[in-house]
Amino acid sequence: QVQLVESGGGLVQAGGSLTLSCAASGIIFSINAMGWYRQAPGKQRELVAAITGGSSKNYADSVKGRFTISRGNAGNTVYLQMNSLKTEGTAVYYCSARVVTTNSLNRSSDCWGQGTQVPVSS
């Protein structure tokens, strides 16, 4: 019912920049938070950055100062600007959203995109 679609992934060289985009669609009453996670091969998924409806931002220590998360004016999109990329940042990056699909603020659920590959080469 709720769909998140990522775009912008692709091969990038170490030290380069890349911007990921994610658009939410479907029957959504509100989006309380959106974020980006990543999963490197053989490793667990980890939070990269998140932004709440109040525009509070949270970054993993490993990306602070290099990545910037933002939301579109309509509130249904989220972006992740990645600068100074490192080879260890190679991963599948996933968009996530905490959504309310009814007018009840107590009924939120987490949705995930399909993921987009970001290989960082040396």
Discussion item. Please determine whether side-chain contact (heavy atoms from CB on, under 4.5 Å) holds for the pair Val92 and Thr116, giving the CA-CA distance in whole Å, both sets of side-chain angles, and the decisive distance to 0.1 Å.
Written reply: CA-CA 5 Å; Val92 178; Thr116 184; 6.0 Å; no
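- The heavy-atom pair separating Val78 from Cys95 by the smallest distance is CG1-SG, 3.7 Å.
- The two atoms that bring Arg71 and Gly75 nearest to each other are NH2-O, 2.6 Å, heavy atoms only.
- Cluster partners of Ile27, using a side-chain heavy-atom cutoff of under 4.5 Å among ILVMFWY residues and allowing indirect links: none.
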Item to complete: Evaluate the side-chain contact (heavy atoms from CB on, under 4.5 Å) criterion for residues Asn32 and Thr52: first the C-alpha distance (whole Å), next the side-chain angles of each, then the deciding distance (0.1 Å), finally the verdict.
Response: CA-CA 6 Å; Asn32 293 332; Thr52 69; over 6 Å; no
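- Using a 4.5 Å heavy-atom threshold, the side chains of Asn58 and Leu47 count as touching.
- The two atoms that bring Leu4 and Cys111 nearest to each other are CD1-O, 3.4 Å, heavy atoms only.
- A search for ring pair (Phe, Tyr, Trp, His ring centres under 6.0 Å) contacts involving Tyr37 returns Trp112, not counting sequence neighbours.
- Under a cut-off of 6.0 angstrom, the local environment of CD in Gln13 is sparse, with at most 12 non-hydrogen atoms contributed by other residues, nucleotides or ligands.
- Counting only heavy atoms from C-beta outward, the side chains of Thr68 and Tyr79 never approach each other to under 4.5 Å.
- Scanning all heavy atoms of the two residues, the minimum distance from Ile51 to Lys57 falls at CD1-CE, 3.9 Å.
- Under the 4.5 Å side-chain criterion, counting only non-hydrogen atoms from C-beta, Asn76 is in contact with Ile31.
- Closest non-hydrogen pair, Gly10 versus Leu18, comes out as O-CD2, 3.7 Å.
- Under 3.5 Å, the side chains of Gln39 and Gln44 contain no donor-acceptor pair of N or O atoms.
- When all heavy atoms are compared, the tightest approach of Leu80 to Ala49 is CD1-CB, 4.1 Å.
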Worksheet item: Going through the checks in order, is the side-chain contact (heavy atoms from CB on, under 4.5 Å) test met by Met82 and Val63?
Response: CA-CA 8 Å; Met82 304 184 291; Val63 306; over 6 Å; no
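- A donor-acceptor contact shorter than 3.5 Å links the side chain of Glu6 to the backbone of Gly115.
- Checked by atom type and distance alone, the side chain of Tyr59 pairs as donor or acceptor with a backbone atom of Ile69 at under 3.5 Å.
- Inter-residue side-chain proximity for Ser109 and Val99 is flagged as met; some heavy-atom pair is nearer than 4.5 Å.
- Counting heavy atoms from C-beta on, the side chains of Ser7 and Leu20 never come closer than 4.5 Å.
- Residue pairs that meet the side chain to side chain donor-acceptor pair (under 3.5 Å) test with at least one member in residues 85-100, sequence neighbours left out, are Arg38-Tyr93, Arg98-Asp110.
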Worksheet item: Between Ser84 and Phe67, does a side-chain contact (heavy atoms from CB on, under 4.5 Å) hold up when you go through it step by step?
Response: CA-CA 8 Å; Ser84 301; Phe67 289 13; over 6 Å; no
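- Side-chain N or O atoms of Arg107 include none that pairs as donor or acceptor with a backbone N or O of Asn103 at under 3.5 Å.
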